[in-house]
2 protein chains.
Amino acid sequence: MQPDAYNPACATRLVLDRIADKWAVLILGLLAGRPTRFNAIRRAVPGLSQKVLAETLRRLERDGLLTRTAFATVPVTVEYALTPLGETLAETVDALRVWAETHIVAVQAAQRAYDARIADQAA
Amino acid sequence: MQPDAYNPACATRLVLDRIADKWAVLILGLLAGRPTRFNAIRRAVPGLSQKVLAETLRRLERDGLLTRTAFATVPVTVEYALTPLGETLAETVDALRVWAETHIVAVQAAQRAYDARIADQAA
DNA sequence: CATTCAGGTTTCCGATGGGAACCAGCTATC
DNA sequence: GATAGCTGGTTCCCATCGGAAACCTGAATG
């Protein structure tokens, strides 16, 4: 079968579903080039709950995008690092973050214009 | 304020949340370069419900990424087309789809390996 | 008169996501 | 010696979200 993200029977759909995720984007961007510990990620991504971080990391690990390494320190520290596969995705996904940061102003202006139009219609 | 997707108080977070969406990725990719009607999008993206399509299109319109044009035909036809801003985003998100289609095999292999490791642990 | 097409909206329900609390193991502090 | 703190999670509960299916308007068609 040819990979085709538009075919719901194609597993590509599942992969896309997994990587088109806000938290995954931020985590991959953060880990790019530098392994990071669980709580360090948490601190770097405010608003991300422990639960969702743990789940997201486990999914990314399962997908072969990052590795989880526990060190027998006290307390135990766990380090997450991108795999080569993960690094290739991080580059791709970081473009999304960059787009958001670059075009935020235009998007917000569009939102205000849209909302004004809607308000006029209602009036 | 500097745009910073890692700051939850920054609106960039909202934009990222909106564009890091499976359906938005597929829709933007589909509309790239060619305006498309509501039901044509629906047929091209199996699994996408009318409700979610309508909602997603309205959000993308509000964000200034596409335009909605109704033609007074019978029955009324509605055409959705990317704005220049939307085109720039479509290029970026399409990279995500391409990545998924390119690396699906590696991801699936990683998943099988992971699941086997877990099964071993349990046994 | 019923069906078909267009582009939606409404209703309902199950899955998902966030917040907060809890847990274990060890240490440093009072 | 009790308490608080660090580590990296897990569990519980509730609100929101997404999907399925039904319904809607309005005109043409058989």
Side-chain angles (χ1 to χ4, degrees), chain A residues 5-9 13-27 30-31 35-63 66-81 114 118 121-122, chain B residues 5-9 13-14 16-27 30-31 35-62 66-81 114 118 121-122:
Chain A
Y6 289 95
N7 179 356
R13 205 48 161 321
L14 297 175
V15 177
L16 182 60
D17 201 14
R18 204 148 300 166
I19 64 182
D21 171 61
K22 177 179 55 166
W23 299 125
V25 167
L26 293 173
I27 292 171
L30 194 68
L31 292 187
T36 310
R37 287 178 304 108
F38 187 87
N39 278 332
I41 301 175
R42 227 162 78 72
R43 277 188 294 267
V45 188
L48 172 56
S49 72
Q50 290 193 341
K51 187 184 98 175
V52 174
L53 174 55
E55 288 170 352
T56 305
L57 287 172
R58 208 161 307 116
R59 264 178 309 188
L60 293 174
E61 185 193 0
R62 177 167 182 266
D63 290 348
L66 53 80
T67 57
R68 177 186 184 281
T69 315
F71 295 96
T73 56
V74 160
V76 174
T77 57
V78 179
E79 199 173 78
Y80 292 91
Y114 181 92
I118 297 301
Q121 267 181 18
Chain B
Y6 289 95
N7 178 357
R13 209 40 165 323
L14 298 174
L16 182 61
D17 200 15
R18 204 147 299 166
I19 63 182
D21 170 61
K22 176 179 58 168
W23 298 126
V25 167
L26 293 172
I27 292 171
L30 195 68
L31 292 187
T36 311
R37 284 179 304 107
F38 187 87
N39 278 332
I41 301 175
R42 228 160 79 72
R43 278 187 295 268
V45 188
L48 172 57
S49 72
Q50 291 194 341
K51 187 183 97 175
V52 175
L53 174 55
E55 288 170 351
T56 305
L57 287 172
R58 210 161 308 115
R59 266 178 307 184
L60 293 175
E61 185 194 359
R62 177 165 184 267
L66 53 79
T67 57
R68 178 186 183 278
T69 313
F71 295 96
T73 55
V74 161
V76 175
T77 57
V78 178
E79 200 173 77
Y80 292 91
Y114 181 92
I118 297 300
Q121 268 181 16

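The chains referred to below are lettered A, B, ... by the order of the sequence lines, with proteins before strands, and numbering in each begins at 1.
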note = The side-chain contact (heavy atoms from CB on, under 4.5 Å) partners of B/V74 (sequence neighbours excluded) come to none
message = For A/I27 and A/L57: C-alpha separation, side-chain torsions, deciding distance, then whether side-chain contact (heavy atoms from CB on, under 4.5 Å) applies.
response = CA-CA 8 Å; A/I27 292 171; A/L57 287 172; 4.1 Å; yes
task = Using a cut-off of strictly less than 4.0 Å between a heavy atom of the residue and any atom of DNA chain D, enumerate the qualifying residues of residues 14-21 of chain A by number.
result = none
inquiry  = Using the side-chain contact (heavy atoms from CB on, under 4.5 Å) criterion, which residues pair with B/R62? Sequence neighbours excluded.
reply    = A/Q111, A/Y114, A/D115, B/R18
request  = To the nearest 0.5 angstrom, please state how far the CG atom of B/L14 sits from the NZ atom of A/K22.
outcome  = 8.0 Å
inquiry  = What range of DNA chain D does chain A touch, first nucleotide to last, counting atoms under 4.0 Å from its heavy atoms?
reply    = D/dC6 to D/dC12
ask   = Using rotation axes that map the C1' atoms of four end pairs onto the next four (five pairs an end), what angle separates the end axes of the helix from C/dC1-D/dG30 to C/dC30-D/dG1, to 10°?
value = 30°
message = Any base atoms under 4.0 Å from A/R37, or only sugar-phosphate, or nothing? Heavy atoms, all strands.
response = sugar-phosphate
message = Suppose the criterion is side chain to side chain donor-acceptor pair (under 3.5 Å): which pairs have a residue in residues 69-78 of chain A, not counting sequence neighbours?
response = A/T73-A/T77
Quick one: side chains of residues 35-53 of chain B, donor-acceptor pairs under 3.5 Å with protein atoms, not counting sequence neighbours, listed by atom name and distance.
residue : atom : partner : partner atom : Å
B/T36   : OG1  : B/R34   : O            : 3.0
B/S49   : OG   : B/V52   : N            : 3.3

Stretch residues 55-63 of chain A: residues that reach within less than 4.0 Å of DNA chain C through a heavy atom = none
B/Y80: side-chain hydrogen bond (donor to acceptor under 3.5 Å, both in side chains) partners, not counting sequence neighbours = B/R68
request  = Determine the minimum heavy-atom distance between A/L60 and A/A24, stating which atoms define it.
outcome  = CD2-CB, 4.4 Å
key: Which atom of B/L16 lies closest to which atom of B/A5, heavy atoms considered   = CD2-CB, 4.2 Å
task = On DNA chain C, check which nucleotide each of B/N39 and A/Q50 is closest to and give me the residue with the more 5' one.
result = B/N39
key: Members of residues 67-77 of chain A that approach DNA chain C, where some heavy atom sits under 4.0 Å away   = A/V74, A/P75
key: Results of side-chain hydrogen bond (donor to acceptor under 3.5 Å, both in side chains) for B/R58 - residues two or more places apart only   = none
request  = Could you tell me from which nucleotide to which nucleotide of DNA chain C, 5' to 3', there is an atom under 4.0 Å from chain B heavy atoms?
outcome  = C/dC5 to C/dT11
